[in-house]
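All remarks here apply to the structure that follows.
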Amino acid sequence: MKKVSIWVCSFLCLIGSLETKAQSEDGFVDIFNGKNLDGWYLKIRSGDEDMAKKVFAIENGMIHVFNADFPKEYKLNTGENDTHGLIYSKKKYSKYILKFEYKWGDRIANNFKQWQYDAGVYYHVVDDAVWPLGIEYQIRYDHTTKRNHTGDLIRPKGASYDWYSTTSKKGGTYLHPEQGGILEDKSDWMHLASPTTNFNGVNNEWNQCEIIVMGSEYAIHKLNGNVVNMAVNLKPSEGIFGFQSETAEIYYRHIRIKEFDEVVPSETFLNSKK
């Protein structure tokens, strides 16, 4: 009986080791464990730590922003915006691919009238303010125009990058220079992704996102497998990152990262069909 128990234990350990190997074969590691805030910390505009834990609820392996503890409309268009905030990584990163999934819920909050279904991910963050100095992968759906803005770039004051567009002035959308893109004159702070119909709005379906960043060299934004935006000559060149709470209920899950020691040429990802 004792030998059988030892054999069963060895077999289970072997299976567990094979599963771990399979999970890490592609080089990605989970940086959100789905259970608690290990490796992360919270900040919201009001500074209320207890409220921050309610805004960023950990449920069913996901980060659930504005869950069922909140009404369908929370302080809507009051100008308070006290639950604007981020769940920040404790670790800094420079060269990596960050993958995650998100979907929208139906609760709305704060300045929703101005910025409909709005959230995002800041990367290369060098302070942890609300809002911080870093670069943003915008997550947004404008239900009034049925246009998706996920993948837009946002350049806060103090950050810098070069961006190529359909025009050098405001109002253009991303276009690679080899396809005729024109260097933007840096008169704007928001830089629109290439238009796409390959997205899920408020339909309870998940979107797959990738942020590919190589230090100061470049950042590529992907949505559901498609390259939708890109910036080069980034400043800052490393930092923590943060997932936002802003104007609407949102779920984040499967947050994974693959780090690199050396810069990988952008063509590797721009030419990829995956």
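The model shown is predicted, which means the values in this text are computed figures rather than measured ones. Numbers here are sequence positions counted from 1.
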Could you tell me whether Lys75 and Asp82 have a side-chain N and a carboxylate O separated by less than 4.0 Å? yes
Taking the side chain as everything from C-beta on, heavy atoms only, tell me whether Ser89 gets closer than 4.5 Å to Ile31. no
Give the cluster check for Val263 versus Ile212: same hydrophobic cluster or not, with ILVMFWY residues linked at side-chain heavy-atom distances below 4.5 Å. yes
Are Val65 and Tyr251 packed together at the side-chain level, in the sense that at least one heavy-atom pair is separated by less than 4.5 angstrom? no
When you measure from the centre of the six-membered ring of Trp131, is the NZ or CZ of Arg45 under 6.0 Å away and within 45° of the axis? yes
Joint cluster assignment, Leu98 & Leu270, ILVMFWY side-chain distance < 4.5 Å: yes
Please determine whether side-chain hydrogen bond (donor to acceptor under 3.5 Å, both in side chains) holds for the pair Thr196 and Asn226, giving the CA-CA distance in whole Å, both sets of side-chain angles, and the decisive distance to 0.1 Å. CA-CA 9 Å; Thr196 179; Asn226 301 131; 4.5 Å; no
Going by the ring-ring contact (aromatic ring centres under 6.0 Å, His included) test, name the single residue among Tyr137, Tyr93, Tyr252 that passes it with Phe241. Tyr93
What pair of heavy atoms forms the shortest contact from Gly134 to Ala159, and how long is it? O-CB, 3.5 Å
Close side-chain approach of Lys186 to Ser160, heavy-atom, < 4.5 Å: yes
In the structure I gave you, are the side-chain heavy atoms of Val213 and Lys95 within less than 4.5 Å of one another anywhere? no
Please identify each residue that fulfils salt bridge (Lys or Arg N to Asp or Glu O under 4.0 Å) with Lys113, with sequence neighbours left out. none
Using salt bridge (Lys or Arg N to Asp or Glu O under 4.0 Å), reason through Arg253 and Glu59 one step at a time and then give a plain yes or no. CA-CA 10 Å; Arg253 72 176 185 183; Glu59 299 175 349; over 6 Å; no
So, taking the atom named CG in Asp118 and the one named CD1 in Ile139, what distance separates them when rounded to the nearest 0.5 Å? 9.0 Å
Output for pair (Met190 CE, Lys170 NZ), nearest 0.5 Å, gives 11.0 Å
Crowded around Lys72 NZ? As in, over 12 foreign heavy atoms under 6.0 Å? yes
Hey, would you say the Tyr141 and His149 ring centroids sit under 6.0 Å apart? no
Close side-chain approach of Ile182 and Thr166, heavy atoms under 4.5 Å: no
Taking salt bridge (Lys or Arg N to Asp or Glu O under 4.0 Å) as the test, write out the residues that go with Arg147, two or more places apart. none
Run the ring-centre check on Trp206 versus His254 and record whether the distance is less than 6.0 Å. no
Any residue meeting side-chain contact (heavy atoms from CB on, under 4.5 Å) with Gln179, in chain and number order, not counting sequence neighbours: Leu175, His176
Is there side-chain contact between Leu86 and Val125, with heavy atoms separated by less than 4.5 Å? no
Test log, rule side-chain hydrogen bond (donor to acceptor under 3.5 Å, both in side chains), inputs Asp142 and Thr144: CA-CA 5 Å; Asp142 185 345; Thr144 66; 2.4 Å; yes
Distance in Å, Glu49 CD paired with Tyr41 OH, rounded so as to fall on 0.5 Å steps: 12.5 Å
Fit a plane to each ring of Phe243 and Phe100, take the angle between them on a 0 to 90° scale, and name the class: parallel (under 30°), tilted (30 to 60°) or perpendicular (over 60°). perpendicular
Suppose we screen for side chain to side chain donor-acceptor pair (under 3.5 Å). Which residues come up paired with Thr197, at least two apart in sequence or across chains? none
With side-chain hydrogen bond (donor to acceptor under 3.5 Å, both in side chains) as the criterion, how do Asn207 and Lys103 come out once you've worked through the C-alpha distance, each side chain's angles and the decisive distance to 0.1 Å? CA-CA 6 Å; Asn207 293 280; Lys103 70 175 181 178; over 6 Å; no
side-chain hydrogen bond (donor to acceptor under 3.5 Å, both in side chains) assessment of His124 paired with Glu238: CA-CA 4 Å; His124 282 0; Glu238 68 172 4; over 6 Å; no
CZ on Phe32 to CE on Met62, rounded to 0.5 Å: 9.0 Å
Name all residues meeting the salt bridge (Lys or Arg N to Asp or Glu O under 4.0 Å) criterion together with Lys258; count only those two or more places apart in sequence or in a different chain, and write none if there are none. none
Relative to the ring of Tyr117, is the ring of Trp104 parallel (under 30°), tilted (30 to 60°) or perpendicular (over 60°)? perpendicular
In this structure, NZ of Lys54 is separated from OG1 of Thr83 (nearest 0.5 Å) by 12.5 Å
For Glu249, check salt bridge (Lys or Arg N to Asp or Glu O under 4.0 Å) against everything at least two apart and list the hits. Arg107
Student check: side-chain heavy atoms of Gln244 and Tyr122 closer than 4.5 Å: yes
Kindly give the heavy-atom pair with the smallest separation between Gly34 and Ile58, and that separation in Å. O-CG2, 3.5 Å
Do Tyr74 and Leu42 belong to the same hydrophobic cluster, where Ile, Leu, Val, Met, Phe, Trp and Tyr are linked whenever their side-chain heavy atoms lie under 4.5 Å apart, directly or via other members? yes
Less than 6.0 angstrom from the centroid, inside 45 degrees of the normal: does Lys43 satisfy that with respect to the ring of Tyr88? no
Going only through I, L, V, M, F, W and Y residues with side-chain contacts under 4.5 Å, is there a path from Phe199 to Met230? yes
If you compare all heavy atoms of Ile154 against all heavy atoms of Tyr161, which two are closest, and at what distance to 0.1 Å? C-OH, 3.6 Å
Determine the minimum heavy-atom distance between Thr247 and Gln116, stating which atoms define it. OG1-C, 4.0 Å
Look at the rings of His221 and Tyr123 and say which category their plane angle falls in: under 30° parallel, 30 to 60° tilted, over 60° perpendicular. perpendicular
Under a 4.0 Å threshold between the charged nitrogen and the carboxylate oxygen, would Arg256 count as salt-bridged to Asp30? yes
Any side-chain heavy atom of Ile44 within less than 4.5 Å of one from Met51? yes
Hydrophobic clusters here meaning ILVMFWY residues chained together by side-chain heavy-atom distances under 4.5 Å, can you tell me if Leu183 and Leu192 are in one? no
Quick check for you: to the nearest 0.5 Å, what is the distance between Lys235 atom NZ and Leu133 atom CG? 9.5 Å
